[in-house]
Amino acid sequence: ATASEDKDLVIIGGGVAGYVAAIKAGQEGMKVTCIEKRGTLGGTCLNVGCIPSKSLLNNSHLYHQILHDTKNRGIEVGDVKLNLANFMKAKDTAVTGLTKGVEFLLKKNGVEYLKGEGSFVSENEIKVALNDGGETTVRGKNILIATGSEATPFPGLEIDEKRVVTSTGALSLEKIPESMVVIGGGIIGLEMASVWSRLGTKVTVVEFLGQIGGPGMDNEIAKSAQKLLKKQGIEFKLNTKVVSGDASGEKIKLDVDSAKGGKPESLDAEVVLVAIGRRPYTGNLGLETIGMELDERGRVIIDSEYRTKIPHIRCVGDATFGPMLAHKAEEEAVAVVEYIKKGYGHVNYGCIPSVMYTYPEVAWVGQTEQDLKAQNIPYRVGTFPFSANSRAKTNLDTEGLVKMIADPETDRLLGVHIIGPNAGEMIAEGTLALEYGASTEDIARTCHAHPTLAEAFKEAAMATHAKAIHF
Ligand code: FAD
Ligand code: NAI
């Protein structure tokens, strides 16, 4: 290729980070190529992450509710059966619809989509081993690394995605296992534990730390989540580390050690889910060819404008710093294109919501009490329980609470932590308030429709700077 044929932007990876950057750049009138090796667009999130997991969570919740939560509502149901093949088909339909939709959007925005594996030949040149055979090369004035992440393996336990699985295998089991041990009580562990436990599997979650939920969840909320998940039948072993595993027998055997020095124990299970975190994925990318730097955790090192040390090569999403979340990748994708095209962009890292889609959902944004304590920052807390909210009572769905944290002097909102029905939707209001620098009085003086769960949000704000009305 000659210099005149250079693309304005070549993107390696068609996940949320890559495809969103491709669309945005297309909208900005740039000539764009997006390279994806998976065969479908949308990356981890659409293919084996956010979307399929939410399909299984939603439908397993419905099934569980029909089995256990209808009589008191005056609904009598007959023979309820689960058809696992069709249950999985519903998930596949959601995934296919969305990944095809993304392909359409790339076309609509004039993006060239190459199906194949990209690797650096030089600082401006990417070789693509095409999925259909053969090879091509593209040149870019700018290059974006958006290659995402992969599950961190557990040493000594080989993943076969059938008996020893990562989230990918756990999203596609062909039969309901009798027993499952989940290594890691973070978000993946708890979402997948919820799905299979609702379908009838005896699930034990082994977590190294003294609390579930992974990094970032408020201590009080994490305790409450654990209590509610335990009530649903999930067993927890906290402060416990899986030290080794053996999958050679009929059942998989795991040796666990108490992190606090108790006696070693051994657990067995039909299926083991390894959910101990994810790590950046930059394999086969030829980074060494161009002397690209990674940090000790394998993340591509970037500056505040997503530039690597080679300034026209940038990186966003799971392959670099920050929380591994789809909406964080999406924000960065828009911002990086703005930096390239206009020289400015914006992502507020203090204001990225997290949602765990268990039942009830757990959602949060901003600072936790433990963060503030560790920094010696004074704060005030207000809470409101869903048991005092009229809509939650009407829906017979009263577990959980809204917790707000504010600056005691200025009343500025510092964090919101919710466990309860619809927490994942409700956190959008907290995120907006935080982004706009609202005080809890601003929120409390905003009229909320009645009867809605969102009134619990308003009343938590009232409780933070004054008093709630209904509690
Ligand atoms: P990815 O989505 O991983 O995309 C990278 C893409 O690059 C991949 O498709 C890969 O095939 C491709 N690629 C890599 N190397 C090359 C190469 N050399 N050439 C061509 N292509 C290449 N986040 C949320 O916000 N909400 C959720 O509910 C949620 N649920 C999740 C559930 C599970 C089970 C998992 C595993 C993750 C979940 N996540 C969720 C996290 C979310 O999926 C990621 O944060 C998000 O996908 C990151 O986007 P990305 O584009 O950076 O990377
Ligand atoms: P995680 O980092 O959230 O949790 C992993 C847990 O495993 C930690 O609590 C850790 O203490 C524990 N652990 C590590 N080694 C262990 C051992 N040997 N024995 C016992 N416990 C051990 O990682 P997870 O759950 O794998 O998720 C990865 C990423 O995917 C997260 O960063 C998350 O952001 C993203 N994700 C987001 C979702 C959402 O937004 N709803 C859903 C699923 C994933």
Side-chain angles (χ1 to χ4, degrees), residues 11-21 34-54 56-57 114-120 126 128-129 131 145-152 154-155 166-168 170-171 182-192 205-217 237-245 254 256-257 259 273-287 315-320 322-330 332-333 352-358 361-363 424:
I11 303 167
I12 312 174
V16 177
Y19 92 71
V20 171
C34 181
I35 307 162
E36 169 57 60
K37 65 177 179 174
R38 189 184 295 270
T40 53
L41 292 164
T44 304
C45 179
L46 270 65
N47 291 281
V48 288
C50 328
I51 298 302
S53 62
K54 265 79 258 179
L56 299 191
L57 279 157
L114 292 180
K115 286 189 189 176
E117 185 169 39
S119 57
F120 283 93
I126 308 290
V128 186
N131 289 357
I145 300 172
T147 48
S149 63
E150 61 179 358
T152 307
F154 186 85
T166 66
S167 50
T168 300
L171 290 167
V182 177
I183 312 180
I187 308 256
I188 291 188
L190 297 177
E191 288 189 352
M192 290 297 106
V205 175
V206 183
E207 168 56 54
F208 175 67
L209 300 175
Q211 92 168 43
I212 59 164
M217 194 180 286
K237 286 189 173 295
L238 300 193
N239 296 307
T240 305
K241 188 174 180 202
V242 176
V243 281
S244 62
L254 297 177
V256 303
D257 255 356
L273 166 61
V274 177
I276 56 171
R278 292 180 62 81
R279 62 183 187 191
Y281 176 77
T282 51
N284 298 340
L285 200 53
L287 289 185
C315 178
V316 294
D318 281 11
T320 186
M324 290 186 172
L325 295 171
H327 42 279
K328 173 265 193 186
E330 177 165 1
E332 290 184 340
I352 293 173
S354 292
V355 181
M356 176 168 88
Y357 297 83
T358 48
E361 290 177 349
V362 176

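Just follow the structure's listing: the first ligand is 1, and inside any ligand the first atom is 1. Numbers here are sequence positions counted from 1.
Looking at ligand 2, you'll find an N or O of Met324 within less than 3.5 Å of one of its N or O atoms. Taking any N or O of Gly277, backbone or side chain, at least one lies under 3.5 Å from an N or O belonging to ligand 2. Residue Lys37 has at least one N or O atom closer than 3.5 Å to an N or O atom of ligand 1. The shortest N or O to N or O distance between Lys54 and ligand 1 is under 3.5 Å. Inclusion of Ala17 in the set of residues having an N or O under 3.5 Å from an N or O of ligand 1 is warranted. Of the polar atoms of Arg278, none of the N or O atoms is found under 3.5 Å from an N or O of ligand 1, judged by distance alone. Between Ile188 and ligand 1, a contact under 3.5 Å exists for no N or O pair. Polar contact with ligand 1: absent for Glu117 (N/O pair, distance under 3.5 Å). Residue Ser167 has no nitrogen or oxygen atom sitting less than 3.5 Å from a nitrogen or oxygen atom of ligand 1, judged on distance alone. Where the criterion is an N or O separation shorter than 3.5 Å, residue side chain and backbone included, Phe154 fails it with respect to ligand 2. Taking any N or O of Leu325, backbone or side chain, at least one lies under 3.5 Å from an N or O belonging to ligand 1. Taking any N or O of Met356, backbone or side chain, none lies under 3.5 Å from an N or O belonging to ligand 2. Residue Val355 has at least one nitrogen or oxygen atom sitting less than 3.5 Å from a nitrogen or oxygen atom of ligand 2, judged on distance alone.
Residue contacts with ligand 2 for Thr152 are absent, since no atom lies close enough (heavy atoms, distance under 4.0 Å). At a 4.0 Å heavy-atom cut-off, ligand 1 does not touch Ala319 at all. For Ile187, no heavy-atom contact with ligand 1 is shorter than 4.0 Å. The proximity of Ala326 to ligand 1, defined as any non-hydrogen pair under 4.0 Å, involves the side chain as well as the backbone. Proximity of Asp318 to ligand 1, defined as any heavy-atom pair under 4.0 Å, is shared by backbone and side chain alike. In Lys328, neither the side chain nor the backbone holds a heavy atom less than 4.0 Å from any atom of ligand 1.
At least one heavy atom of Pro215 sits closer than 4.0 Å to an atom of ligand 2. Not a single heavy atom of Pro52 lies less than 4.0 angstrom from ligand 1. Not a single heavy atom of Ser119 sits closer than 4.0 Å to an atom of ligand 1. The closest approach between a heavy atom of Tyr357 and any atom of ligand 1 is below 4.0 Å. At least one heavy atom of Val48 sits under 4.0 Å from some atom of ligand 1. Within the structure, the closest approach of Val256 to ligand 2 does not fall below 4.0 Å when heavy atoms are considered. Distances shorter than 4.0 angstrom do not occur between any heavy atom of Glu150 and any atom of ligand 1.
Asn131 places no side-chain N or O within 3.5 Å of a backbone atom of Arg38 that could act as its donor or acceptor partner. For the pair Glu117 (side chain) and Ala129 (backbone), a donor-acceptor distance under 3.5 Å is absent. Using modelled atom types, one side-chain atom of Asn47 and one backbone atom of Leu41 make a donor-acceptor pair closer than 3.5 Å. No donor-acceptor pair under 3.5 Å is formed between the side chain of Thr320 and the backbone N or O of Gly317. In terms of modelled atom types and a separation under 3.5 Å, the side chain of Glu361 and the main chain of Gly424 share a donor-acceptor contact.
Taking a cut-off of under 4.0 Å to the non-hydrogen atoms of Gly116, the atoms of ligand 1 that pass are 19 (N), 20 (C). Residue Ile12 has at least one heavy-atom neighbour below 4.0 Å for each of these atoms of ligand 1: 17 (C), 18 (N), 19 (N). Each of the following atoms of ligand 1 lies closer than 4.0 Å to a heavy atom of Leu285: 18 (N). Heavy-atom contacts of Tyr281 reach the following atoms of ligand 1: 14 (C), 15 (N) (cutoff under 4.0 Å). Set against the non-hydrogen atoms of Gly15, the atoms of ligand 1 under 4.0 Å away are 2 (O), 4 (O), 6 (C), 51 (O). Close approach to Val16 involves these atoms of ligand 1, each under 4.0 Å from a residue heavy atom: 51 (O). Residue contact check: Cys45 has heavy atoms under 4.0 Å from atoms 2 (O), 43 (O), 47 (O) of ligand 1. For ligand 1, the atoms closer than 4.0 angstrom to any heavy atom of Ser149 are 3 (O). Under a 4.0 Å criterion applied to the non-hydrogen atoms of Thr240, ligand 2 contributes the atoms 20 (C).
Not counting sequence neighbours, the partners of Val256 by the side chain to side chain contact (heavy atoms under 4.5 Å, CB included) test are Val206, Thr240, Val242, Glu265, Leu267. Contacts of Cys315 classified as disulfide bond (SG atoms under 2.5 Å apart), with partners at least two apart in sequence or in another chain: none.
Between Ser167 and Val48 there is no side-chain heavy-atom pair separated by less than 4.5 Å. With a 4.5 Å cut-off on side-chain heavy atoms, Phe120 and Ile12 count as touching. The closest side-chain heavy-atom distance from Leu190 to Met356 is below 4.5 Å.
Protein heavy atom nearest atom 19 (N) of ligand 2, with residue, atom name and distance: Val242 N, 3.3 Å. Scanning all protein heavy atoms for the shortest distance to atom 21 (N) of ligand 2 gives Phe208 N, 3.1 Å. Looking only at protein heavy atoms, the nearest one to atom 37 (C) of ligand 2 is Leu325 CD2, 3.9 Å. Here the protein heavy atom with the shortest distance to atom 30 (O) of ligand 2 is Arg278 CD, 3.8 Å. In terms of protein heavy atoms, atom 7 (O) of ligand 2 is closest to Gly184 CA, 3.2 Å. Protein heavy atom in closest approach to atom 43 (C) of ligand 2: Ile188 CG1, 3.3 Å. Ranking protein heavy atoms by distance to atom 4 (O) of ligand 2, first place goes to Gly186 CA, 3.3 Å. Atom 38 (C) of ligand 2 has as its closest protein heavy atom Ile187 CG2, 3.5 Å.
Of the candidates Gly43, Gly283, Ala146, the one placing a heavy atom closest to atom 5 (C) of ligand 1 is Ala146. Considering each of Glu207, Lys54, Met192, Lys328, the one bringing a non-hydrogen atom nearest atom 6 (C) of ligand 2 is Glu207. Taking only non-hydrogen atoms, the option from Cys50, Ser53, Gly118 nearest to atom 19 (N) of ligand 1 is Gly118.
Nearest approach of Ala151 to Thr166, heavy atoms of both residues: CB-CG2, 3.7 Å.
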